[in-house]
Amino acid sequence: MSSNDVTYALCDVNSFYVACERLFRPDLKDKPVIVLSNNDGCAIAMCDFSKSLGIKIGTPYFQIKSLLKRHNIEWFSSNYGLYGDISQRFNWVLQQFTDKVAPYSVDESFLMFQGFSGDLTEHCQNLKQTVNQWLSLPICVGLGPTKTLAKVANYYAKKHKQSTNGVVDLRSQKNRQWALEHLAVENIWGVGRRLSQKLKLQRIDTAWDLHNCDYKTLQRMFSVNMERTILELRGQPCFEFHQHPQAKQSILNSRSFGNPITNKADLKEALAYHATRCCEKLRKQSSLANSIQLFLRTRHSDHPQATLSLTEPSDDTSLFLQAIEQGLNRIYRPDQVYKKAGVMLLGIEPSKGYQADIFNQTRQRPELMESLDTINAKFGKDAIKFGSLGFDKRWAMRANARSPHYTSRWNDIIRLK
DNA sequence: TCTGGGGTCCTAGGACCC
DNA sequence: TCTGGGGTCCTAGGACCC
């Protein structure tokens, strides 16, 4: 089968976080809603009405506070437990329509159709309707011969929801040219603010302009990714389709503090917490890491940082906690005010097949880690934990309006009276 | 006063080696 | 005093994505 038979579909939930918040709150169906980032810092998702007021993604909460009140807009702290669970259900529905589903982010997935006989547009209309019926999520679908063109199609489906009924097909050359001619270069997937500025200096203003460029020249001027984007705009697939999540090459956990911190003991607890979460993610993907980086952020936007290597790769939380303590001693300054802390694991490799160094005296306790994970999976996060995590979480972030974890915590299940 | 978090990939430049 | 060239590996920083 030639690659000409391959079509990609990008399915994306409209205002996903807002849609999730509305799921269990039918009273919010026609009411404006926005969702704030972690720590209730800024707006990260909103309904069309809020957009029409000029609120942009990333606007700080304090700047829109009065606007929200004036227009009676309901706002929520983000609830990633809920969004993650709904996302899984979304992908499950997509799998009823093709066995080739590649989740791309929490709210969008690529599908691949190969040698599909029948009307693909109709199939996707059907898919869209099913997602809406089963999960009550509004989605848009873009079809194209490459992922980049499917993204372009999705852009138009979202922009013209009414006239397209939420599905746009850019497989034909004629539709494609029109779509690219009317698409500003900054709206192409992979072309951000900086690159579009530079492209415009070269008089490359639209996706069609970029499509017609000499890709070798632009590869030299920019990078291989620019070359790939151009080829994808011409219908030649360059970006891979990963059906299964790839093992992460770095694992990061970080949070801003609810209130600024100066105390070393509090910082240590926060870092221990982040290291614990990182190690859980590491074990979940069956990997080992050989180094850990901890970083702090002060009021003055500088970020002291320390990277420590283990004597051999490990997934044992306690080894990383020891490293944290050493690292913090190196970078902590009592006269500083800290806003944020984080931990990153690096040098990641699969644990399967790892040849342990027989001369290494470091304790590795896979059974202990496994028991820890099993207990916490059953009884909830940190049901059992290392003492260095502490108990009072004085550093915890703000989340003043978080909705219940309707689908993932027994205590949060809706009760009917 | 208050501005998120978690990733990927690419490139440039320095260290080091032969 | 003169002091090459090519390769690899690592890291930091930048750009992008959602």
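Here the structure is a predicted model, which means the values were calculated and not measured. Protein chains get the first letters and strands the later ones, always in sequence-line order, with residue 1 at the start of each. Both backbone and side-chain heavy atoms feed into the values below; hydrogens, waters and symmetry mates do not.
The side-chain tip of A:K385 points at the ring of A:F391 from less than 6.0 angstrom away and within 45° of straight on. Relative to the six-membered ring of A:F110, A:K147 meets both conditions, a distance below 6.0 Å and an angle of at most 45° to the axis.
When the side chain to side chain donor-acceptor pair (under 3.5 Å) test is applied to A:S287, the partners found at least two apart in sequence or on another chain are A:Q285. Under the rule for a side chain to side chain donor-acceptor pair (under 3.5 Å), the partners of A:Q305 that lie at least two apart in sequence or sit in another chain are A:T307. Qualifying side chain to side chain donor-acceptor pair (under 3.5 Å) partners for A:E181, counting only residues two or more places apart in sequence or in other chains: A:Q177. Partners of A:N290 under the side chain to side chain donor-acceptor pair (under 3.5 Å) rule, at least two apart in sequence or in another chain, do not exist in this structure.
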Compile the donor-acceptor pairs under 3.5 Å between side chains in residues 338-347 of chain A and protein atoms, sequence neighbours left out, one pair per line.
from   : atom 1 : to     : atom 2 : distance (Å)
A:Y338 : OH     : A:R333 : N      : 3.0
A:Y338 : OH     : A:R333 : O      : 3.3

Can you give the donor-acceptor pairs under 3.5 Å from side chains of residues 54-62 of chain A to other protein atoms, not counting sequence neighbours?
from  : atom 1 : to    : atom 2 : distance (Å)
A:T59 : OG1    : A:K56 : N      : 3.1
A:T59 : OG1    : A:K56 : O      : 2.5

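Interface residues of residues 103-112 of chain A facing DNA chain C, ordered by number: A:Y104, A:S105, A:D107, A:E108; criterion, heavy-atom separation under 4.0 Å. Contacts between residues 194-214 of chain A and DNA chain C, defined by a heavy-atom separation below 4.0 Å, involve A:R194, A:L195, listed by number. Across residues 238-251 of chain A, A:K248, A:Q249, A:S250, A:I251 each have a non-hydrogen atom less than 4.0 Å from an atom of DNA chain B (numbered order).
Bounding nucleotides for the chain A contact on DNA chain C, 5' to 3', at a heavy-atom distance below 4.0 Å, are C:dA15 to C:dC18.
Consecutive Watson-Crick or G-U pairing (both distances under 3.5 Å) extending over three or more pairs maps onto DNA chain C as B:5-18 with C:5-18.
Under the side chain to side chain donor-acceptor pair (under 3.5 Å) criterion, the residue pairs touching residues 84-99 of chain A are A:D85-A:R89, A:D85-A:T407, A:N91-A:S109, with sequence neighbours excluded.
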